[in-house]
Every structure is written in C-alpha cells, then in structure tokens.
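Have a look at the structure below, then the notes.
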Amino acid sequence: MLTLRSQSGSRQACVVVLLACTSFIGATQAIGAQLPLHARIDALIEAGAKGQPMATAAEDAEFLRRVYLDFTGSIPSADVAEKFFADQNGDKRSKLIHELASGDSFSQRLADLFHIMLMERRGDSASWQQYLLASFKANKPWNQLAQEILSPDARNEQTRASAFFYTRRLEKVGEQETDYPGLTRDVGRLFLGIDLQCAQCHNHLTVDDYKQADFQGLFAFYQNIAIHSSEFPAIAEKPTVKKIEFASVFNKKPKETGPRVPTLPEEREIAIPVFEKGKEFMMPADTKTKLPGVLAFSPLEQLSKQLPTAENGAFARNMANRLWFLMMGRGLVDPLDLHHSGNPPSHPQLLELLAKEFAAHGYDVKWMIRELALTKTYQRSSILPSGSEPKVDRFTVALERRLSYEQLLQSMLTASGQLDMVMTKDRAGDKPLPAYEDLRKKFAASFAAETKEAEVHVDHTLKAALFVRNDVAFLALLQPRAGNLIQKLLDEKDDAKLAHQLYLSVLTRKPLPEETAAVAAFLKSYGEQRATATRDLAWALLTSSEFMVNH
Amino acid sequence: MQHKRNSSSLCTPHEHALSRRVMLGTMAGGAASMAFGGLATPAVAEALRQKEKQVLFIWLDGGISQLESWDPKPNTSFGGPFRSVPTSVKGVHFCELMQRTAKHMDKLAVIRSLCTHDNAHSSGVARIQRGDPKNRGVVYPYLGSAFAKLLGPTSSKLPPYVWIKPGSGGFKAEHAGFLGPKYGALAFGDGQPPDNLLRHESISEEADTQRNELREAINRRYAVQRRKVSTEASTAVFDTAQQLMKRQDLFDATTFSAADIQRYGTHDLGRHTLIARKMLEAGVRFVNVTSYGWDTHGDHFNGSASLIPKFDQAFSAIIEDLHASGMLENVLVVAISEFGRTPRINGHIGRDHWPEAWSTVMAGCGIKRGIVSGSTNEQGTWVKDNPYDIGHVFHTMFKALGIDSIDTEYDNGGQPLPIAHEDMQSITEVLA
C-alpha cells in the first residue's frame, strides 16, 4: 500500500476504490451477522468514507458534554464531569447513554426538539408543550404521535392539544389569506421530507419527482378545515364532497384529484363517499361543550391512517434522516426536506437501514437516538485530523452543531450554578419564576431562528452578540449569589483551583496548563479587583465559541 | 436534473426560470457554504472597499405612481387631475406634486421605461430588492445584503447594511439569503437603536476591552483544529457590535438642527431620511430608508396629494445636502418601488399594480446628471423605447459603484453565482 501510494494519481485512486470495496464487503457481512444497529451504522460509515480522514474518538470531556447536551438539553455540572472523568470502567460511555436515555430530562429534551422541528418557532402553547412532554415520557411511537397530530381528536383530552400544529398555521396574519398551501407544504416537509412548494402551480421545474398532482393530492386533505374556536387548540372539518380541480399554469389542462398521500401510488387516492344530506356528520358539533362535529368521512382521519404507516416508506425515512441530523449535525439527505431521486442520500444503504430498523422497532424515537449515540460515528471528535477539512457528508469528523436557545439557557444556568432559578417554584405553584421567564424570553429573542425558519444551522447574529455583552438579565448571571459559580470562584483563593473550577463548570473540561497560567495572569492584572476579573473570566468562557456550540 | 432548493415563501413562475448554469455541488444553503461564501475575486473587493462608496436606497413600499411623480401624462385619458411642472432640465417635466425635486433634476437620472412583469407585492418586493437573477435553488440577497457582501463595511466598521423603517427594528437575517445571516439588515425601527447597544454601567470600557480580548484568545485556541465556520462568523458579529457601541451618537435625534428637521419634514419619511444622512456621514455602506403605504388602490389622487409631497420634501432635501457636501460624488442614491401603478383608473378612483411601464430615479456616484432614459407611450400605458428590467437596474447600480457586474460572482461554497442577471446589462446612458 505504501509503495502504491507514492505512484501516479490514477493508481492512487484505484487503491482508494479497492480499499473502499473491501471494507464495503466487510460492511455487508456485518449487516448479515445482525450486529446491533449502531455497529452496522459504523460499518457503513467507514465503508463510505471515500478516503476522507477519520477523526479520533472524542475524549471523555468532549463526549460527556455532547451526550449531555443531546440527552438532557444542558451541559453537565462540574460534579458530574468530575465523577465521569474519574470513572475507570471501560463501558462507562454506553452505561451513561443508557442511563440518560431512560431519564426524565431526555423526555423534556425530545419535547423541545420536536417542538422546534414541528413548529419552526411559530410560538408556543402550554397545552401543546404538555402534550409533547407527556408523549415522550410515555415514549409514544412516532407513528402514533404523527397520527394524533395529523388528525387531532377534540374529544380526547389527553391528545387534543396536538391540533396546535394545525391551528397555529391556520391563523390569519393581517390581510393575508389563510395559508393552506403553506400548511400543505409543511406537512410534506415535516412528515415526508418533501418540499412540494414549487409544485403547487405546475410540476416542479427542477425536481422531476415532485408533481403538481402530489401537491394537490396532499392539499385536498386540507380544503375543508378551519380553526374551531374553543378553549384548547381545535380544528373543525366541513364535509368533503368532491375532488379538487387544478391545472398547470403552463398548459392549463384541467385535472382533478381526491386526497392522496403524495409518496403513495396514485391508486391510493382516497375515494370520496357520497352521503345523504344531513348524514355527513357522525356526531354533530356540540354547542354546549363547544366540541367540533365528527364527520362520517374525514379526510384527516384517512390521512392519519395512510401517512404514518409501513406502506409509506417516506414516513420512516424522513424521521430517520431527521434524527440522524439531530445527532450528527447534517442529514444523510440534505436539505432535510428534499428527498427525491435527484438528491440521493450521502449513504443510501444507511438511510434504508435506519428507516427499516426504525419502523421495525415500532418507530421508537428514544431507541433510535440511543443507537445513534452508541455509534463510533457519533462519538468521534470534532477536532479535525491534522491539516484537513474532511467533507461534511462523510461523517468522519463530528460536526459542530447549533445549540437551541433552550440548550443555551439551560447550559448557562448549569454553568453559572443557578439552576435554582428554574427549579424553585413560586407561590402560585407551577409557574416559572418571573426572573427565569424574563431570561427565557430574552434568550429566545436572541438565539432562536426567525419565525417559520427551520432551525438547522449555527447562526451568529449581532443581536445575540449585543445581548451577551450588555443585557442586564444576562449579566446578572455573573453576579455573586450564595452557592452560584461566581461566589464559589470568589471564595477560591488559589488561582489554579479557580481555573479548574471555572473550566470544568463552563467548558466541561480541565484547563490546559497554559490556560491555568492565563487565568492566573488575568487575575493578577486586575490586582485588587479580583471580583471584576473573576466575573469577566467567566463571561469570556460563557460567550466563547467553545461554549456556544455542541462540538 | 440537478437538485435545487427554493425556500422563498412564495412560488411564482418567474422564480422557476431555468438555469443555464450547471450547479456545482449540493452545498447550497448549508452552514458551511454560508460561512465560506466569499467573493470569487477578493482582491477586487479589497480595492473597492478603499474608495468608500456608499448607497442610499429609498424604498416606497406598495408602489409609487410614476404618473404622479417622474412621468406625468397630463391631459390624457389616464393622466389624472394633476398638472406637470418644468424641472431644472429643459424639456423634462415632473408631476406638480414633485415641485421641490424638480429643481434638482439637473442632478438626477430618471429612468422612465421599467418593465418588470411581476405585479404581486409579495413576489415583487423580492424580485426587485433581491434582483433574483433566475432561480438556481438559492435565495438571493436583498440589495443591501449584496452590497454588504460585495463592499463590506467602510473603514468606519459600522454595520454595512442599515435599514431605517417605521415600526419595529431588529436584525433581519432573512434579507441575506444564501450569503448567510451576518449579511442581514440591521433595522432601526423608527430610527431607534437596537436593544442592548449601551455598555452596561457595571463594566468599564477598559474591562470590556479586556474581557473581549480574553474571549478572542479562547476562541483562537478552539478554532485551531476546528472548521472555520463558527468562530469566523462569531468574531465578525462581535466586532460589529463593538463598533456600533462606540457610535451611540447615531441615535441621538437631538443633534439635528431645527432647520433641517423642517426641511426634511416632520413625517416619518422626512425624519428617517434625515437619520439616513447621518448614517451616511458616519460611514454606513448601504442605507435603506423604507416608507410604507404607497399601495393606493382607492382614492389614489387624494392619497398622492398627501404622500408624494412628503417624498418630494425629503428626497429633495437629501439630494440638496449630499450635493452641497460633495458626498453625492461617492453616494449612489436610488428611489424605487416594487412596481408602478396602472394608468387605468379603477372604480375606486385608484390605480392598481403596474409593472409594465414605470419609473425609477438614480443620482450621485457614477450616475450621469440631468438625463432621462427610456420613455412610455402617449398614455403612459406601455414602454415606448428601451424597456429595462430590474436586472438592468442592478447592473447599473453595481457599475456605478465600480463593481464589474459581469465578472464579479458570488462564491456560494464552490457554486459560482452571478451578482446580477446574466442576460441583462447596465443602462449605459445613465452611467457617468
């Protein structure tokens, strides 16, 4: 191999291909042997590296921070880090993953993730939050969750808040029409991974797979729904009695379609039954309870029966890809909502494997994320192998990922030792403390993506920079209070120990010798103003890139 | 067929005009491509940056009527009730609602033959302000973001793209399109400063500097073995924050003289244009002044009688001032809408959207003075000669600022993208 490498470029290419083939055979054998999913994932990633250099395994500190951010939505405390570093058990990583995957924080984290994914910062509702949280606490399978969201049942008190997905999108904004096309688009994007926006008025011009009939078929499910006014999010459906008619703006040829899931074959178009007048409703709207009526034929119910199913492979592929994105920083299909034959996955076999296993495991989101966390791929370092920036779509180096504002806030509170801001309940009971609520809103305004934007990339904004520099509520985190980080640091007279405590609390790692020295020098330069120096040290670490991303 | 992405919120046929160019890679929209997105020719950008050219972009949202401003057609069936007045250039007339600006026609270039085809506000605004040179599956930047990218901040290091508008302010990342959020607009709602601009009193200036240096040192260590993406972008926004914090005076309206306030007008557009002058003087690269409420579908003539003099007042005042201070040499001024208004007067005595024949005005840096380009027919219904699309205006603006709009390309993570429509050119007769 060494001798060949020194020869001509084309020979080199051959070697790479040969090597890839050999490991590929290895990978297929591994799959045959029914290794756990995470091992099969690694085999496929290694086989697909295409010569891109691999990063080494993440060190304990990098791993611990990452896994905590992903499973609990916060960095770990200094104590947790200390214990983990001291643990000499060889299987401490997988043990931790299993532990975190069955913890309560993971349910909250998933509720946050799915809220961000499904609502794309359109705002929030307490009942929707509770619904998501209860769902993930019960580890509700994704197909069931999808079913409840796609066809909300106003008579089921446990699940009816799922209608928020629809109601928020059906709200009228100013003079604009109710955005039914936008809703249709989002259902395609978020549940099937296909963005049919540009196939509304004609077949998509650049994506052969996306036809106008696909958009219109999905649109047909939504032609008769509206917000139902009640105290909880609810929608009302009017009877659907005919197909919708449409024509391409180019040839004006009239066509029609009934409701159809766009990723299912045309013959799965749903037939619209005819009812006698007065028989359209199985249960009429209830004026007393203000519950909407229940149709004898509800397109949404049909949708919820057809879309989240094994028959519809796109359903599992979409979520498998999205969960991969959440853990690995980039979808196998990228962008996440452009699955089509002209935009194949970076690792086609891998996506098929993930989708198949996800469906076979009853669409168990927690299981899937746990398996992803157990991979070597996930546990690689984000530190680049020397002198190279391997291609992002090979997943040979961990990709830095955006922290949601929720993660940032929790991590800031953890780091600064002020989780009591959230934990303490005020006299009214469950309501968060006003100071926390104020801070949360400010974090949202500074770090959340714009309304209706998918929150996928790390964005740095002037707004956020000004916020962490000057905002009163943010800077208050750096004031000494009994038991918080700053107070602990102020009580510490030994500079090296201070540096240790600071780095462990904020960056989840021990300081390097030169960093310890730099901390001491900084403190010294402030002389008697040690309190100011300490505050600013903590500020600099909390606002650093190392803190602000999941790396 | 290559894959493309369109994440604009609307879908109109013009967005789908097919690309002749082969798209390179599939990185469009990715974080990596945004952060690495640079100019294909950095040396050119560097040379331009030193000349400190600036742009004042006045946006009359909803569509100013060309007939009641730059291209009057008095005594014709669609002409409306207003007369026309002579300007400081012989033979050129404006609507009588533009009396003050008429005196400065000798400094302006009026283009009377815009023909931009799109008559919807929602897509029209994007089509005009994003330039939208054919859909390549990427969202093009608004003009302000384009200039922020192409020319960067001036030596003032102030945010390169400032947007002065009524209502709320904030950071408008979406203006930047594929260039990435850091090229977005910094909007001053009603001229007010952004939140958290003031340094907190508990932090001295010296301490602020020191803590930033410390933060930068920590970032440098982190960045050594990482992809350049996150640290580069965060450093840039912290730097801008720093510069802006030093210029609190930009938001102090008390520094304007009573005479100036009267000259520009005490209405939003007047006040905002006056603030724009200050921003330009301070060295902001691109200032967008936006005025809303120009969509006069009903009672158009009374509406015009109220609206247009406000524009006339503010516009003539700033042209006069930029001329007097010599800044007009380096500042390109453009006043434009998403379209003009129909010559036909509707049943509500209104004029509707008309993209087929309308006007814009340019002045200052790189622009010829006192000329009219293109014309409409007798009744103002259609363009008679030299129809120009928005791409022509883009090329002209870039050229006027010394940017070669044909050879300069965006580099979107390896994908070359033209800065203006490939099938169009600059309007040479208005270029100095």
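Proteins come first, then strands; the chains are lettered A, B, ... in the order of their sequence lines, and each starts at number 1.
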Just how far is it from atom [atom1] of [X] to atom [atom2] of [Y], taken to the nearest 0.5 Å?
X	Y	atom1	atom2	answer
A/Lys452	B/Glu174	NZ	CD	11.5 Å
A/Asp471	B/Asn196	CG	CG	4.0 Å
A/Arg469	B/Asn212	CZ	CG	4.0 Å
B/Leu197	A/Leu462	CG	CG	8.5 Å

Might you point out which heavy atoms bring [X] and [Y] nearest each other, and give the distance in Å?
X	Y	answer
B/Arg226	A/Leu384	C-CD1, 3.5 Å
B/Ile203	A/Arg535	CG1-NH2, 3.6 Å
A/Leu541	B/Ile218	CD1-CD1, 3.1 Å

Taking [X] for its side chain and [Y] for its backbone only, find out whether a donor-acceptor pair lies under 3.5 Å.
X	Y	answer
B/Arg215	A/Asp536	no
B/Asn219	A/Ser544	no
B/Arg211	A/Ala538	no

Part of [X] lying under 4.5 Å from any heavy atom of chain B:
X	value
A/Glu514	neither
A/Leu399	side chain
A/Phe474	neither
A/Phe522	side chain
A/Leu475	side chain
A/Pro344	neither

> Is B/Arg221 salt-bridged to A/Glu546, cutoff N-O under 4.0 Å?
Replying inline: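 Looking at A/Glu546 together with B/Arg221, the answer is yes, because their closest N to O distance falls below 4.0 Å.
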>> Taking A/Lys442 first and then B/Asp195, would you say they form a salt bridge - that is, a charged N and a carboxylate O separated by under 4.0 Å?
In response: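 Result for this pair is no, no salt bridge flagged.
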Please state whether the side chain, the backbone, both or neither of [X] comes within less than 4.5 Å of a heavy atom of chain A.
X	value
B/Asp239	neither
B/Gln242	both
B/Glu213	neither
B/Ser202	both
B/Leu198	backbone

>> Please determine whether side chain to side chain contact (heavy atoms under 4.5 Å, CB included) holds for the pair A/Leu466 and B/Phe238, giving the CA-CA distance in whole Å, both sets of side-chain angles, and the decisive distance to 0.1 Å.
In response: CA-CA 8 Å; A/Leu466 287 171; B/Phe238 262 75; over 6 Å; no
>> Counting only heavy atoms from other residues, nucleotides and ligands, does the tally under 6.0 Å from NE2 of B/His348 exceed 12?
In response: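 Incorrect, the count does not exceed 12.
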>> Please determine whether the number of non-hydrogen atoms from other residues, nucleotides or ligands lying under 6.0 Å from atom CD of A/Glu59 exceeds 12.
In response: no
> Between B/Tyr222 and A/Val549, does a side chain to side chain contact (heavy atoms under 4.5 Å, CB included) hold up when you go through it step by step?
Replying inline: CA-CA 11 Å; B/Tyr222 175 79; A/Val549 298; 3.5 Å; yes
> Looking at A/Pro390, A/Ser525, A/Ser381, A/Ala518, which makes the most heavy-atom pairs under 4.5 Å with chain B?
Replying inline: A/Pro390
>> Under a 4.5 Å cutoff for heavy-atom pairs, which residue among B/Gln210, B/Arg199, B/Lys172, B/Glu216 has the most contacts with chain A?
In response: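 Among B/Gln210, B/Arg199, B/Lys172, B/Glu216, the one with the most close pairs to chain A is B/Gln210.
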